[in-house]
There are 2 protein chains.
Amino acid sequence: MIAGWEDIRAEVLRRIRVRDWPPGALIPTEEALAGEFGCARATVNRALRDLAEAGVLERRRKAGTRVAMLPVRKATLDIPVIRQEVEARGQAHAFRLLSAREEVPPVPVASRMGLAPGARLWWVETLHLADGRPFVHETRWLNPAVLPQPLPDFGKVSANEWLVAHVSYTTGDIAFSAEGADGREADVLGVAPGTALFITERSTWTAEAPITFVRLAHAPGYRVQTMV
Amino acid sequence: MIAGWEDIRAEVLRRIRVRDWPPGALIPTEEALAGEFGCARATVNRALRDLAEAGVLERRRKAGTRVAMLPVRKATLDIPVIRQEVEARGQAHAFRLLSAREEVPPVPVASRMGLAPGARLWWVETLHLADGRPFVHETRWLNPAVLPQPLPDFGKVSANEWLVAHVSYTTGDIAFSAEGADGREADVLGVAPGTALFITERSTWTAEAPITFVRLAHAPGYRVQTMV
DNA sequence: AGTGATATTATGTCTGCACATAATCCGAGC
DNA sequence: GCTCGGATTATGTGCAGACATAATATCACT
């Protein structure tokens with residue numbers, strides 16, 4: 001019996017799929033499974049922990065392990081740098097800096113970044129191109145107080161890439177939504193105003209201070225896709 | 001030094017953040033770190049493996065472990081059942097079955113499901129309501145060949161929930177996009193045609209056969225959000 | 001019946017060791 | 001200089017045993 005932890009995970013998953021162990025059911029203990037599969041408990045633990053992380057199992061000390069009742073499936077998506085995203089489609093990436101200036105952000109942006117109204121930020125507007133055609137319109141607020149100085153020329157270096165290269169790993173959140181193109185977006189992306197656009201909004205933080213808030217308005221046809 | 005694997009992970013992450021170990025740098029071997037932290041190699045392995053899964057580190061046998069150059073950040077999002085999603089907002093969930101019949105799917109759907117053109121499927125159209133207001137328009141193709149019979153009355157049980165409860169854990173893929181509302185969607189959701197809608201498309205498979213393909217057209221204002 | 005201390009139990013984590021595996025390094029041979 | 005193949009090495013995985021932790025179960029006592 002060649003039982004690596006992945007084999008055990010597969011077997012457990014199989015039993016769940018064929019409803020040997022239906023949703024909500026308590027499955028045998030790690031010790032019992034280790035006995036059955038003829039391996040160490042640690043190996044079973046590895047397999048079950050992995051399934052629990054994927055949302056298939058729910059584990060609690062002493063209570064045991066049960067099959068998740070409502071499988072809140074977890075999809076993981078990669079958030080690549082825009083250049084990589086374009087190149088992964090086999091297209092050539094380029095970008096144009098449309099504007100960059102110091103400015104006081106509108107109140108909703110300031111509040112979303114957790115800043116007092118009136119704080120001065122950098123505003124950078126970029127259009128990314130795939131094979132010369134508009135791909136995504138990037139509007140970004142940067143907090144100069146927490147960035148390494150001096151800021152580079154964002155006409156030469158994409159703000160997107162400069163940040164991941166020069167600002168250390170951070171936390172943040174991402175939101176996806178759909179909005180009709182406003183006048184500026186329609187103009188820049190070359191679509192009719194009101195056209196449905198896929199919007200990504202991301203804010204990034206160090207431990208304490210906000211670093212950047214970016215809004216990406218993707219050209220029509222853009223999809224975010226992932227396997228589950 | 002009370003060093004559990006989470007402490008080690010935190011310390012490694014700290015060193016990356018303060019650029020002790022800048023992007024691309026090779027970090028010490030597991031053995032060296034184990035010596036430094038005064039713990040077993042397995043414990044260091046656990047910590048580093050976790051960071052690698054998160055996309056912060058890249059590990060290769062013999063080559064060693066290095067800090068990811070371009071941090072392809074991985075966001076994980078939960079895909080709950082629609083009822084849970086509505087209730088999580090503190091709203092009351094209800095749904096209305098708009099139509100359910102046997103039908104031959106259009107070619108794009110059949111091909112996306114990997115079925116020969118002409119296969120007969122079930123077509124179910126549902127409107128989900130949050131506090132009585134349109135929330136999402138669900139159009140779903142079901143493959144009766146692989147479903148437990150008899151199919152229930154989808155006017156009483158939401159197809160969404162019946163599937164997660166009665167069809168075992170499966171694989172599939174999800175795609176998000178933005179589209180203008182077509183006539184039917186505009187009508188059902190009570191918006192103007194062409195309004196930007198957030199679209200979720202999901203296909204689900206057993207090991208071999210397609211189970212269902214569903215398209216969710218969300219009412220304006222819908223967002224998918226996640227922390228990174 | 002209710003309540004609180006205690007025993008029990010399943011998972012969580014760690015150790016120390018071993019061998020497997022993959023990738024690089026490096027030298028022999030051409 | 002080049003290629004091929006073996007030595008080296010860092011990570012991947014496994015095992016047996018141990019203790020920690022959290023949650024449940026039980027039982028004595030009020």
Side-chain angles (χ1 to χ4, degrees), chain A residues 1-16 20-69 71-72 74 76, chain B residues 1-16 20-69 71-72 74 76:
Chain A
M1 188 170 303
I2 358 87
W5 70 271
E6 288 181 295
D7 300 299
I8 293 177
R9 181 183 59 184
E11 171 60 13
V12 170
L13 201 51
R14 190 193 64 79
R15 292 188 189 179
I16 293 172
D20 258 6
W21 297 332
L26 203 59
I27 77 173
T29 68
E30 294 187 345
E31 215 159 31
L33 289 174
E36 181 190 340
F37 292 126
C39 66
R41 186 169 76 90
T43 309
V44 175
N45 181 286
R46 183 92 156 77
L48 298 188
R49 183 173 10 105
D50 199 71
L51 288 171
E53 269 166 25
V56 175
L57 295 176
E58 284 169 8
R59 323 195 68 196
R60 268 164 56 220
R61 278 169 166 147
K62 161 79 183 177
T65 301
R66 51 184 67 240
V67 181
M69 194 71 88
V72 178
K74 282 169 185 151
T76 73
Chain B
M1 188 172 302
I2 358 85
W5 70 271
E6 288 181 294
D7 299 299
I8 293 177
R9 181 182 59 182
E11 171 60 14
V12 169
L13 202 50
R14 189 192 65 79
R15 293 188 188 177
I16 293 173
D20 257 6
W21 296 333
L26 204 59
I27 77 173
T29 67
E30 296 187 344
E31 215 159 33
L33 289 174
E36 181 191 340
F37 292 125
C39 65
R41 187 170 75 91
T43 309
V44 175
N45 181 287
R46 183 90 158 78
L48 298 188
R49 181 164 23 94
D50 199 71
L51 288 171
E53 269 167 24
V56 174
L57 295 176
E58 284 169 7
R59 323 194 68 196
R60 268 163 54 221
R61 278 168 166 146
K62 160 78 184 178
T65 301
R66 52 183 67 241
V67 181
M69 194 73 86
V72 178
K74 282 170 185 153
T76 72

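Note that the coordinates shown come from a computational prediction; the quantities given were computed from them, not determined experimentally. Residue numbering restarts at 1 for every chain, and letters A, B, ... go by the order of the sequence lines.
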Nearest heavy-atom neighbours spanning B:Asp20 and B:Pro22 | O-CD, 3.5 Å
OP1 or OP2 of C:dA10 sitting under 4.0 Å from any side-chain N/O of A:Thr65?
-> no
Rounded distance (Å) that lies between atom C1' of D:dT13 and atom CZ of A:Arg49 = 12 Å
Using whole Å, report how far CZ of B:Phe37 lies from C1' of C:dG16.
-> 19 Å
Just how far is it from atom CZ of A:Arg15 to atom CG of A:Leu13, taken to the nearest 0.5 Å?
-> 12.0 Å
In whole angstrom, give the distance that lies between atom NZ of B:Lys62 and atom C1' of D:dT9.
-> 4 Å
In A:Arg49, A:Arg59, A:Glu58, the residue satisfying side-chain contact (heavy atoms from CB on, under 4.5 Å) with A:Thr65 is A:Arg59
In whole Å, what is the span from the CG atom of A:Asn45 to the C1' atom of C:dC14?
-> 12 Å
Atom pair distance, as rounded to whole Å: CD in B:Glu53 and C1' in D:dT11 | 14 Å
Are OP1 or OP2 of D:dT13 and a side-chain N or O of A:Thr43 less than 4.0 angstrom apart?
-> no
On a heavy-atom basis, the closest approach of A:Val44 and A:Cys39 is CG2-SG, 3.8 Å
With a cut-off of 6.0 Å (strictly less than), are more than 12 heavy atoms of other residues, nucleotides or ligands near CD of A:Glu31?
-> no
Distance, rounded to the nearest Å, where A:Glu6 contributes CD and D:dT13 contributes P = 6 Å
Would you say the side chain of B:Arg61 and the base of C:dT21 hold a donor-acceptor pair, judged only by whether the two atoms sit under 3.5 Å apart?
-> yes
Hey, which of these two, A:Ala40 or B:Thr29, hits DNA chain D nearer its 5' end, going by closest nucleotide?
-> B:Thr29
Starting at atom CH2 of A:Trp5, determine the distance to atom C1' of D:dC15, rounded to an integer number of angstrom.
-> 17 Å
Once you round it to whole Å, what is the distance between P of C:dT11 and CG of A:Leu48?
-> 8 Å
Want to settle it: does B:Ala42 or A:Arg41 sit nearer the 5' end of DNA chain C, counting the closest nucleotide to each?
-> A:Arg41
Between B:Arg60 and A:Cys39, just flag the one whose closest nucleotide in DNA chain D comes earlier from the 5' side.
-> B:Arg60
So does A:Arg46 get a side-chain nitrogen or oxygen closer than 4.0 Å to the phosphate oxygens (OP1/OP2) of D:dT13?
-> yes
Counting only side-chain N and O atoms of B:Arg59, is one of them less than 4.0 Å from OP1 or OP2 of D:dG12?
-> yes
